[in-house]
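What follows is a single structure, written as structure tokens, with notes after it.
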Amino acid sequence: MVKAQAAVLWEAGRPWSVEEIDLAAPGPHDVLVRNEASGLCHSDHHIQAGDSPAALPIIGGHEGAGVVEEVGSAVTDFAPGAHVVYSFIPSCGRCRWCSTGHQNLCDLGAFLMQGAMGEGPRAQTRGQGLGALSLIGTFANYSLANEASLVKVPESLPFAQAALLGCGVPTGWGSAVHVGQVKPGDAVVVVGAGGIGMNAVQGARLAGAEHVVVVDTASTKRDAAPLFGATHTAASMEEAVSLLSDLTRGVMADVGILTVGKVEGAMIAPFLELVSKNGVGVLTGVGHGSDVALDLKVFTLWQKQLRGNIYGGCNPWADIPRLIRLYESGLLKLDELVSAVYPLEEINQGYADMLDGKNIRGVVEHRH
Ligand SMILES: NC(=O)c1ccc[n+]([C@@H]2O[C@H](COP(=O)([O-])OP(=O)(O)OC[C@H]3O[C@@H](n4cnc5c(N)ncnc54)[C@H](O)[C@@H]3O)[C@@H](O)[C@H]2O)c1
Ligand SMILES: [Zn+2]
Ligand SMILES: [Zn+2]
């Protein structure tokens, strides 16, 4: 039994509660990780706000990095002392999806919503079993995770930057590179430039886009966007219509990426207006309704596409090492993404700052 400090959600709409929890001893395929940093992704806020359903109580956090403390009897790929990042979707390497280059769709991901991949509850507090977000729960200074949820990282990589490689960076970068399939010379529009969207901008730039237009209601994000590769900014989708039309002589964006914090059904039609004939609109941001109104005739006759996206279409075992190489060679910015650091006790302030548009990515640094 290991004692840990964790941010627990007891009830939707209530703040994260920081308290002591007990973690079970590692099962055969488990790894006990001493967490060092965890990113504050908007997806956890959807659960806290009650927009995304989850079995409660739950330890939050799905974007984290740390050091292996102890391994279960059947674990062969990780040893104590190894530096690791969590992949927010586990990857078995063998299922139909993993074995065809779609680790982001691994069948183990089906366990995420049910909250169990090991045996029984693996954490508890106040005499009650706790779930762990994405089966990892990185808003805790220790986590018990299945080895399928971990990827090794070099010791030279700072923990805060490493943590973002578990969700925000691959999800955003892959939105452009894998799902949007941005080509050299493309025009790309990214709507919502937060922790995910700013990395979609980086992916579009690295894939050779000529124009990368960022649409964000927050002026702080518009001001920061050129650092990551944006060539133009706009404060609304309406404003971006004339901007894109001027830039592309009326063709519009080859690829659109929607990464606002909360997707509303009413955003889809104006979003697809920014996309060219034969263009693709990538839906990365999470929405909860089913009320999408589209001009179906235009959608069909202009041969538009709307593609869902989980984890940027990434294969964590291949893409996380690739993203680390890009960072080491100076082509991918990670340091600049970490815009504020909080102790775990201030996690609710971190989320307030995210909603106020103050952060590109806020990060919790754990203490032990
Ligand atoms: N598909 C996936 O695999 C996946 C993974 C992680 C996160 N997400 C989702 O991606 C979305 C973005 O997450 P994040 O962590 O980057 O959030 P964030 O809060 O850091 O960023 C959202 C950005 O959208 C901007 N914004 C909000 N409303 C807007 C509007 N109407 N027009 C233009 N800009 C607007 C905000 O100012 C902010 O900069 C969330 O819905 C999150 O749940 C999806
Ligand atoms: Zn996330
Ligand atoms: Zn799999």
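As the structure lists them, so they are numbered: ligands from 1, and atoms in each ligand from 1. Not measured: the values here are computed from a predicted model.
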For atom 19 (O) of ligand 1, what is the nearest protein heavy atom, given as residue, atom name and distance? His42 ND1, 2.7 Å
Under the criterion side chain to side chain donor-acceptor pair (under 3.5 Å), I'd like the reasoning laid out for Glu147 against His29: C-alpha separation, chi angles, the key distance, then a yes or no. CA-CA 6 Å; Glu147 57 184 331; His29 289 281; 2.6 Å; yes
Expected output: side-chain Asn309 to main-chain Val282 donor-acceptor under 3.5 Å: no
Starting from atom 12 (C) of ligand 1, locate the nearest protein heavy atom and write down its residue, its atom name and how far away it is, to 0.1 Å. Thr259 O, 3.4 Å
Could you tell me whether His368 and Tyr142 have their ring centroids closer than 6.0 angstrom? yes
Would you confirm whether Ser236, through its side chain, and Glu239, through its main-chain N or O, come within 3.5 Å as a donor-acceptor pair? yes
With atoms numbered from 1 as shown, which atoms in ligand 1 lie under 4.0 angstrom from a non-hydrogen atom of Cys167? 5 (C), 6 (C)
Out of all atoms in ligand 1, which are within 4.0 Å of some heavy atom of Ala218? Include the element for each. 37 (O)
Taking a hydrophobic cluster as the set of Ile, Leu, Val, Met, Phe, Trp and Tyr residues connected by side-chain heavy atoms closer than 4.5 Å, whether directly or through intermediates, do Met198 and Ile320 fall within one such cluster? yes
Ignoring angles and geometry beyond distance, decide whether Gly195 reaches within less than 3.5 Å of ligand 1 through its nitrogen or oxygen atoms. yes
Report the residue from Ile360, Val190, Leu337 that forms a side-chain contact (heavy atoms from CB on, under 4.5 Å) with Asn199. Leu337
So the angle subtended at the Zn ion (ligand 3) by Cys106 atom SG and Cys95 atom SG, rounded to 10 degrees, is 120°
Donor-acceptor pair, distance only, cut-off 3.5 Å: does the side chain of Tyr311 make one with the backbone of Gly166? yes
Among all protein heavy atoms in this structure, tell me which lies nearest to atom 43 (O) of ligand 1, with the distance rounded to 0.1 Å. Ser43 OG, 2.8 Å
Polar contact flag for Tyr311 and ligand 1 (N/O pairs, less than 3.5 Å): yes
Could you check which of Ile360, Ile196, Val260, Thr284 puts a non-hydrogen atom nearest to atom 11 (C) of ligand 1? Val260
Pairs of nitrogen or oxygen atoms closer than 3.5 Å, one from Gly261 and one from ligand 1: do any exist? yes
Do any N/O atoms on His46 end up under 3.5 angstrom from N/O atoms on ligand 1? yes
Identify which of Arg222, His288, Met267 has a heavy atom lying nearest to atom 31 (N) of ligand 1. Met267
Which atoms of ligand 1 are found less than 4.0 Å from any heavy atom of Gly285? 9 (C), 10 (O), 11 (C), 41 (O)
Please say whether more than 12 non-hydrogen atoms of neighbouring residues, nucleotides or ligands are located less than 6.0 Å from CH2 in Trp10. yes
Any atom of ligand 1 sitting under 4.0 Å from a heavy atom of Gly357? no
I'd like to check which ligand 1 atoms, numbered from 1 as shown, lie under 4.0 Å from a non-hydrogen atom of Thr171. 2 (C), 3 (O), 4 (C), 5 (C)
Among the N/O/S atoms of His62, the Zn ion (ligand 2) lies closest to NE2
Got a salt bridge between Asp216 and Lys221, using NZ or NE/NH1/NH2 to carboxylate O under 4.0 Å? no
Can you figure out which of Thr217, Asn104, Val190 has its heavy atom closest to atom 32 (N) of ligand 1? Thr217
Within rounding of 10°, what is the angle whose vertex is the Zn ion (ligand 3) and whose arms end at SG of Cys92 and SG of Cys98? 120°
Atom 21 (O) of ligand 1: closest protein heavy atom, distance to 0.1 Å, is Gly194 CA, 3.2 Å
Considering Val263, Asp216, Leu258, Val286 one by one, which has a heavy atom nearer to atom 36 (C) of ligand 1 than any of the others? Asp216
Atom indices of ligand 1, in the order listed, that fall short of 4.0 Å to a heavy atom of Arg361: 14 (P), 15 (O)
Is the shortest distance from a Lys or Arg side-chain nitrogen in Glu336 or Arg361 to a carboxylate oxygen in the other one below 4.0 Å? no
Distance-only polar pair, side chains of Gln48 and Asp44, donor-acceptor under 3.5 Å: no
Counting from 1 in the order shown, the ligand 1 atoms closer than 4.0 Å to a non-hydrogen atom of Lys221 are 38 (C), 39 (O)
Which of these, Asp30, Leu130, Leu32, sits in a side-chain contact (heavy atoms from CB on, under 4.5 Å) with Leu23? Leu32
Quick one: closest heavy-atom pair of Val201 and Ala230, and the distance? CG1-N, 3.5 Å
Closer than 2.8 Å to the Zn ion (ligand 2), do we get an N, O or S atom from Cys41, backbone or side chain? yes
Return yes or no for this condition: an N or O of Ile310 is under 3.5 Å from an N or O of ligand 1. no
Do the side-chain N and O atoms of His178 and Asp319 include a donor-acceptor pair separated by under 3.5 angstrom? yes
Relative to the heavy atoms of Phe88, which atoms of ligand 1 are at a distance of less than 4.0 Å? 3 (O)
Numbered atoms and elements of ligand 1 in range of Asn309, under 4.0 angstrom, heavy atoms: 1 (N), 2 (C), 3 (O)
Is the backbone N or O of Thr138 less than 3.5 Å from a side-chain atom of His366, with the two atoms forming a donor-acceptor pair by type? yes
